[in-house]
Participant: 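Dropping a structure here in structure tokens format, bear with me for questions.
Keep in mind the model is a prediction, meaning the values are calculated, not measured.
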Amino acid sequence: VASIIAQAISAFLTSQYIKYQYSSVADASRDSGFIITSSVLMYLGLLFLVCTSMGVICSFIIMKFPLKNLSSFVEFTNNLADGKFSSRLTVKKNIFSGNPFYSLITSLNRLAEELENNEMFKTDFINNFSHEFKTPIVSIKGFAKLLKSGNLTPEDRDSYLDIIIEESNRLSNLSENVLNLSKLEK
């Protein structure tokens, strides 16, 4: 826009200069005033064009750095949203130290670390729970098969039934603990 305005001013001033240049000699005094005025206006237009161009260039350079960092923030948050909790933002400390961006970056990295730890704890919990849940079920199934066979003494039968009751209580306690844990998370 500034370039178009500067070109329009320049074209207008040039046409006016040519128009007055070839007018009568009697208008020479008026012509010299016009040349000075047109020169000043042309320089002002050129100054406007240079200042506008420099402003656009400076704005582009200044905005490039924050936008570059912003794109790494967006990529980082997308990684966290996708469950890639091992992602971290890297930053040169000497550039951002003492800056709110540095505090934000360190906080986001700490958040990612905590999410990664929570994910690890969750995975460990599920693995342990699965093992603790599966063991009594396998035990109950084995003793139930033995009871079904019918070749047992009354003492063995009572012992196996006691084990089944004990393993059932273990499962009941395990499920109750999981429910209590889920209530604590809320």
Side-chain angles (χ1 to χ4, degrees), residues 1-11 40-144 163-186:
V1 174
S3 174
I4 295 171
I5 292 172
Q7 288 176 356
I9 291 172
S10 176
V40 168
L41 287 176
M42 192 161 38
Y43 285 121
L44 286 174
L46 184 61
L47 180 65
F48 175 75
L49 178 64
V50 168
C51 289
T52 304
S53 299
M54 294 211 32
V56 168
I57 291 169
C58 288
S59 295
F60 178 75
I61 290 171
I62 290 170
M63 289 304 293
K64 184 177 181 180
F65 293 110
L67 289 178
K68 185 177 182 182
N69 291 327
L70 186 60
S71 66
S72 65
F73 280 130
V74 170
E75 181 181 346
F76 173 75
T77 55
N78 285 336
N79 284 339
L80 289 182
D82 292 339
K84 299 174 186 169
F85 301 126
S86 61
S87 297
R88 299 292 184 271
L89 285 170
T90 55
V91 65
K92 295 178 182 173
K93 187 174 181 178
N94 58 355
I95 293 175
F96 287 107
S97 60
N99 191 325
F101 284 117
Y102 183 73
S103 298
L104 177 64
I105 289 169
T106 55
S107 294
L108 287 173
N109 282 336
R110 201 173 78 226
L111 170 74
E113 188 175 329
E114 289 297 321
L115 288 172
E116 185 176 25
N117 289 339
N118 285 344
E119 185 67 22
M120 185 177 64
F121 289 139
K122 178 181 153 190
T123 302
D124 287 346
F125 174 78
I126 290 172
N127 289 337
N128 290 334
F129 177 77
S130 174
H131 175 72
E132 290 296 321
F133 193 73
K134 187 176 180 182
T135 302
I137 291 175
V138 170
S139 181
I140 290 171
K141 181 180 177 184
F143 285 109
I163 291 172
I164 290 175
I165 290 170
E166 186 179 309
E167 294 298 323
S168 297
N169 287 335
R170 184 173 164 192
L171 282 174
S172 177
N173 289 336
L174 185 63
S175 64
E176 190 175 317
N177 288 339
V178 169
L179 287 174
N180 288 334
L181 184 62
S182 69
K183 287 178 186 177
L184 287 176
E185 284 187 359
K186 291 180 184 180

Participant: Short question: side chain of Ser139, backbone of Thr135 - any donor-acceptor pair under 3.5 Å?
Facilitator: no
Participant: So how far is it from Ile165 CD1 to Phe143 CZ, rounded to the nearest 0.5 Å?
Facilitator: 12.5 Å
Participant: Please test Glu176 against Asn180 for side-chain contact (heavy atoms from CB on, under 4.5 Å), starting from the C-alpha separation and ending with a verdict.
Facilitator: CA-CA 6 Å; Glu176 190 175 317; Asn180 288 334; 4.1 Å; yes
Participant: What is the distance from atom OG1 of Thr52 to atom CD1 of Ile57, rounded to the nearest 0.5 Å?
Facilitator: 11.0 Å
Participant: With rounding to the nearest 0.5 Å, note down the distance linking CG in Leu80 to OG in Ser86.
Facilitator: 9.5 Å
Participant: Are Arg88 and Glu116 close enough for a salt bridge, meaning some N to O gap below 4.0 Å?
Facilitator: yes
Participant: Could you tell me the separation between the CD1 atom of Ile164 and the CD atom of Glu166, rounded to the nearest 0.5 Å?
Facilitator: 11.5 Å
Participant: Less than 4.5 Å apart, any side-chain heavy atom of Asn127 and any of His131?
Facilitator: no
Participant: Check whether any side-chain heavy atom of Phe76 lies under 4.5 Å from a side-chain heavy atom of Ile105, and answer yes or no.
Facilitator: no
Participant: Judged by atom type as modelled, is there a donor-acceptor pair below 3.5 Å linking the side chain of Asn109 to the main-chain atoms of Leu89?
Facilitator: yes
Participant: Is it the case that the side chain of Ser172 and the backbone of Ser168 share a donor-acceptor pair, with hydrogens and angles ignored and the cut-off at 3.5 Å?
Facilitator: no
Participant: If we ignore hydrogens and angles and just use 3.5 Å, is the side chain of Ser130 paired with the main-chain N or O of Ile126 as donor and acceptor?
Facilitator: no
Participant: Please round to the nearest 0.5 Å and tell me the distance separating atom CG of Leu171 and atom CD of Glu167.
Facilitator: 7.0 Å
Participant: Please name the pair of heavy atoms, one in Ala112 and one in Ser87, separated by the smallest distance, quoted to 0.1 Å.
Facilitator: CB-O, 3.6 Å
Participant: Taking atom CZ of Phe129 as the centre, does the number of heavy atoms from other residues, nucleotides or ligands within less than 6.0 Å exceed 12?
Facilitator: yes
Participant: Going from CG on Leu111 to CG on Leu115, what distance comes out if it is rounded to the nearest 0.5 angstrom?
Facilitator: 4.5 Å
